[in-house]
Structure formats: structure tokens, C-alpha cells
Participant: 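There's a structure below that I have some questions on.
Quick note: numbers below take in every heavy atom, side chains included, and nothing from hydrogens, waters or symmetry partners.
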Amino acid sequence: MTTFDQALEVPIASAGRAHVIRTDEEALEVAARLAAEFAPGAAERDAQRLLPRAELDRLSESGLLAITVPRRYGGADVRADTLAEVYRLLAEADPNIAQIPHSHVVYLRVLAQQGDEEQQRYFFGEALAGRRFGNAQSEAGTRHAQDYRTRLVPDGDGGYLLNGEKFYCTGALFAHWVPVLAQLEVPGQGDRLHVAYVPQGAPGLEIVDDWTGMGQRVTASGTVRLKNVRVPAERVVPHHLTFTGPQIHGAYAQLLHAAIDVGIAGGALRDAAEFVRTRSRPWPDSGCARAADDPLLIQRFGELVVLERSARALLAEAGRAVERARHELTEENADAASIAVATAKTVADRAGVEISSALFELSGTRSSLERHNLHRHWRNARTHTLHDPVRWKIQHIGRYVLNGTPPPQHGAI
């Protein structure tokens, strides 16, 4: 195990010299360029567990981490469908790099919804300068995924003390700021969920690189420990207010998860095609000189292309639904956005797992050799799709369409 300070051989770079992206079109161009840059090293980073510090610095410098900053604070405030496509492009190249800043986007959105003017100006300025936000959200060993035991308590001096332990803290190891979900007792209301924005290096904050998942190996999604971490009041945001009316917090976050799954599917399909064209041998019964001319293989490959493109189309549709709700936030639009994202996520889940598995069926025995590391696609898909079960998304979709039952207000759909 290494703590945050031990793991970083040099201080976190990039802060303060980031490019500022101004338009949706520019965001997509930059994402495509970086994806082409990141893809060639993805297999080696996974195989040797080389944490992508340099790549994340490039991401910071590019301005992509500030594309959701509202325009009145200097950001591009890109459309939700643009954001989804940015993350799909990055995930097709390396889903680890796409997942690491997922919470960066989510917790900037919390500030956009619940932060006050001073908090927004300060933290959006941090994002525009290239500083990264991680997360300390989930906790291991509690009753369920949304049972949070980490607490904020008044320190007697106008601020708070933060104590707890978190797991699955993707992005925290590489972050300048670590947003922490914690309970805070509100007079007359009991415990209410808040977000504390803690700077890296804060006394009492320990970030441990102990992630051993079979997939998404270099996300460093390990443990965060908090022991009497002092947090000024101006760095605490009342997240519980997000769920008191129509909201797309969950749809916004789940849209990015769907984008990562679709990206994994696309990356697996790309590598399968390349392997079949350049390395696979035809089956003798086909009578073909090349594997790529085998009609049965062509048929199966075509089926997988349809699945990947279906997932991509549903992702774009879900992004448009989230964008509509973002600008006209009614119960009806928020529910429709959540259902559209749940639909996209269900197909994205299947596409990621099925295509990354079928890769070997298409490519043949030699594709299983360790040196090719093609199994990383399936490991990444299987690991990332465990974030939340699609069986419950299908339940909510069915109830909504059949009986008009709105999806739950818990931020995971």
C-alpha cells in the first residue's frame, strides 16, 4: 500500500496552465485528439499497472475537465450529449482515463446546483485552471451502497471535523480536491447528506492505493481515510437539497457511466477487427484464404456492429433528453431523462460485456495470448458495469411506461 503522498513522486502538475475550451465542437475535437494519443499505451498501462499521471496532466491541460463550467464563469457549459460523446471517445481509447474524472464532472455539477455564489466562483475557477476533483463517496461494509456513515461535526470554531473511511474512491489519488460525501446533523431535520471539498494534502486525509479490481486496474479506486480533517464551512455544500424537487443529478452521472460502457464496446470492436484482419487464420471449412472473408465470421461481426451502434445511438438520445431536462427542469422532463439514460445504460452494459467477450470468438485462440492483453476489454467492461445493476433499471423502465410510476429520487438512475 502507498499513501497519497508516497504514491506521487512529484507534485500534481498542470494546475494553472490549462487551455480553456469555448464550444461543443472544440470539446469534441480535443477529445478525439487526446483519445488518439491515449489509445496506443492503454494495453501496457493495464498490463503493468502504470498509473496514468502524465495522461491526466494532458487531460487537465487540454481544458476538457472544465467543459461543464457555466458560461458566466468562463466555461463552455457543453450540452449533455456532447459530454457523453467526449467520455465515449476517451473510453474507447482507455476506459480507465475516462472513468477517473467521472466524479470530477459530478461534483462540479453539485456545486452548480447547490453551491453559493462564492463557492461556485472559487471552485469553477479551480476547474478552469486544470485542477482535478476526485471522490470519496462509497463505503464498504454498510447496509447498502447509499448508507453513508462518514460524519461532519462542528469544530466549535465555525467549521467542521470530518471522520470516516471510504472505498471505490476513483480519482482521489490524482486529485487536487477530494469531494467527500458525509452526514451532517441539521437542526430540526436530523442527519442530512453534504459534500465536503477537501484539498489534497490536508492533515488527517490519507489516500491509499489499494485497488485490486480485475478490471479498470489503473483507476486507483482505493481507500480514503479521514481522521479529524478540518473543513471550513465555505467548503461544505448541502447535497441533500438536490433531491427535494425535480433533479437530473442521477441521470447526468449515469449518462457518463453509459458512455464509458459504450466506449469499451467500441474499443473491443476496433481491436477485434484489427486482429481478424492481421492475425487470425480462417477456419478450414470456410474455404477462404483470409479469416476476414469467412461468411460466418462476417455475420457475427455484423451483429456486434449493430449492437455497438445501437448503444451509441441510445447514448446520444439519452444525452439529448438530459439536455432538455437541464434547461426545462420539470418532473416530467426529469423522469423522461432518467428513463432515457436507464435505457441507454441497459444496452450499453450488454454491448460492453458481449462484444468484449465475443472478441475472442471472432479472433481465435491466439487472441487469448497474454502478450496481446485483449482480455482487458472484458475485464474493464465486467468491472465497470458492476457499478449498478441494470436489472433494476429495467424494472423502473417497465413501471414508468406501463403504470406511469416515476423513477426513484436517489441519484442512481
Side-chain angles (χ1 to χ4, degrees), residues 31-32 34-52 55 84-100 102 170 211-221 256-280 291-292 297 300-312 314-315 344-387 390:
L34 284 183
E37 201 177 296
F38 296 156
E44 182 183 9
R45 285 191 293 272
D46 174 273
Q48 299 187 32
R49 199 172 183 272
L50 302 173
L51 299 181
E55 289 77 13
E85 179 63 5
V86 164
Y87 275 72
R88 187 196 69 79
L89 288 167
L90 293 174
E92 189 171 306
D94 187 337
N96 293 269
I97 292 174
Q99 188 184 345
I100 287 168
H102 175 280
T170 305
W211 173 242
T212 58
M214 68 175 179
Q216 298 296 83
R217 288 178 172 177
V218 297
T219 58
S221 303
L256 298 187
H257 280 310
I260 293 168
D261 291 337
V262 178
I264 293 172
L269 199 61
R270 174 202 65 217
D271 284 358
E274 176 66 15
F275 202 94
V276 168
R277 284 193 297 263
T278 61
R279 291 187 172 89
S280 296
L297 192 150
R300 180 63 174 136
F301 202 90
E303 292 169 353
L304 297 174
V305 170
V306 170
L307 175 57
E308 189 269 343
R309 292 191 181 181
S310 298
R312 199 188 301 187
L314 285 170
L315 178 69
K345 183 66 170 67
T346 298
V347 176
D349 184 298
R350 182 164 76 89
V353 173
E354 182 175 337
I355 294 173
S356 61
S357 176
L359 181 157
F360 302 100
E361 168 194 341
L362 295 166
S363 304
T365 306
R366 71 176 66 183
S367 65
S368 69
L369 296 178
E370 190 71 29
R371 68 172 181 267
H372 300 307
N373 196 18
L374 290 173
H375 52 72
R376 76 183 187 280
H377 295 296
W378 182 86
R379 288 187 287 100
N380 289 335
R382 187 65 282 177
T383 300
H384 185 260
T385 55
L386 297 176
H387 272 86
V390 296

Participant: Tell me, please, which residues at least two apart from H102 pass ring-ring contact (aromatic ring centres under 6.0 Å, His included).
Facilitator: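 Testing H102 for ring-ring contact (aromatic ring centres under 6.0 Å, His included), a comparison that skips the adjacent residues, returns H257.
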
Participant: Output a table of donor-acceptor pairs, distance under 3.5 Å, between side-chain atoms of residues 262-269 and any protein atom two or more places apart or on a different chain; print 'none' if there are none.
Facilitator:
none

Participant: Are the side chains of L374 and L369 in touch, meaning some heavy atoms are under 4.5 Å apart?
Facilitator: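 The answer is no, as the side chains (C-beta and beyond) never meet within the 4.5 Å cut-off.
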
Participant: Tell me the closest heavy-atom pair linking A220 and L51, and the distance in Å.
Facilitator: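 Answer, listing the atom of A220 first, then L51: CB-CD2, 4.3 Å.
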
Participant: Of all the heavy-atom pairs spanning S221 and W211, show the shortest one and how long it is.
Facilitator: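 Closest heavy-atom pair between S221 and W211: O-CE3, 3.2 Å.
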
Participant: Would you find a donor on one side and an acceptor on the other, under 3.5 Å apart, between the side chain of D94 and the backbone of A42?
Facilitator: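 No, because the side chain of D94 does not come within donor-acceptor range (under 3.5 Å) of the backbone of A42.
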
Participant: Between R270 (side chain only) and E92 (backbone N and O only), is there a donor and an acceptor less than 3.5 Å apart?
Facilitator: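 Indeed, once roles are kept as given, a pair shorter than 3.5 Å links the two residues.
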
Participant: For F275, what residues pass the ring-ring contact (aromatic ring centres under 6.0 Å, His included) criterion, not counting sequence neighbours?
Facilitator: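 So F275 forms a ring-ring contact (aromatic ring centres under 6.0 Å, His included) with H372.
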
Participant: Hey, what do you get for OG1 (T346) to CG (D261), rounding to the nearest 0.5 Å?
Facilitator: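 It comes to 10.5 Å.
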
Participant: Step by step, work out the side chain to side chain donor-acceptor pair (under 3.5 Å) result for N96 and R376.
Facilitator: CA-CA 11 Å; N96 293 269; R376 76 183 187 280; over 6 Å; no

Participant: According to salt bridge (Lys or Arg N to Asp or Glu O under 4.0 Å), who are the partners of R277, at least two apart in sequence or on a separate chain?
Facilitator: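 Salt bridge (Lys or Arg N to Asp or Glu O under 4.0 Å) list for R277, sorted by chain: E274.
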
Participant: Starting from the C-alpha separation in whole Å, work towards a yes-or-no answer on side-chain contact (heavy atoms from CB on, under 4.5 Å) for H387 and T385.
Facilitator: CA-CA 5 Å; H387 272 86; T385 55; over 6 Å; no

Participant: Are D46 and V218 packed together at the side-chain level, in the sense that at least one heavy-atom pair is separated by less than 4.5 angstrom?
Facilitator: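 In short, these two side chains do not touch, never coming nearer than 4.5 Å.
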
Participant: For L304 versus E354, what's the shortest heavy-atom pair and its separation?
Facilitator: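 Distance-wise, the nearest heavy atoms are CD2-OE2, 3.9 Å.
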
Participant: Can you tell me how far the CG atom of L362 sits from the OG atom of S357, to the nearest 0.5 Å?
Facilitator: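 Here the rounded value is 10.0 Å.
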
Participant: Could you work out, with side-chain hydrogen bond (donor to acceptor under 3.5 Å, both in side chains) as the rule, every residue matching R309, not counting sequence neighbours?
Facilitator: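 R309 satisfies side-chain hydrogen bond (donor to acceptor under 3.5 Å, both in side chains) with no other residue.
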
Participant: When rounded to the nearest 0.5 angstrom, what is the spacing between CD1 in I260 and CG in L315?
Facilitator: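 Atom-to-atom, I260:CD1 and L315:CG are 10.5 Å apart.
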
Participant: Taking only residues two or more places apart in sequence or in another chain, which ones pass side-chain hydrogen bond (donor to acceptor under 3.5 Å, both in side chains) with R312?
Facilitator: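 Here the qualifying residues are E308.
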
Participant: Please give me the minimum heavy-atom distance between F38 and R45, naming the atom from each residue.
Facilitator: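 Looks like O-NH2, 2.7 Å.
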
Participant: Compare every heavy atom of P52 with every heavy atom of I97, then report the nearest pair and how far apart it is.
Facilitator: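 I97 and P52 have their closest heavy atoms at CG1-CB, 4.1 Å.
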
Participant: About how many Å separate CD of Q99 and OG1 of T170, when rounded to the nearest 0.5 Å?
Facilitator: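 Atom-to-atom, T170:OG1 and Q99:CD are 4.5 Å apart.
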
Participant: To the nearest 0.5 Å, how far apart are CG in L50 and CZ in R217?
Facilitator: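 The CG atom of L50 sits 11.5 Å away from the CZ atom of R217.
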
Participant: Given side-chain contact (heavy atoms from CB on, under 4.5 Å), test E55 with E37 step by step and report yes or no.
Facilitator: CA-CA 9 Å; E55 289 77 13; E37 201 177 296; over 6 Å; no

Participant: Using modelled atom types only, decide if a donor and an acceptor are shared between the side chain of S356 and the backbone of V353 within a distance under 3.5 Å.
Facilitator: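 Yes; judged by distance alone, with no hydrogens or angles, the pair exists.
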
Participant: Applying side-chain contact (heavy atoms from CB on, under 4.5 Å) to M214 and W378, what does each step give before you reach the verdict?
Facilitator: CA-CA 10 Å; M214 68 175 179; W378 182 86; 3.8 Å; yes

Participant: Looking at A344 and L314, what are the two nearest heavy atoms and their distance?
Facilitator: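 That closest heavy-atom pairing would be CB-O, 3.5 Å.
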
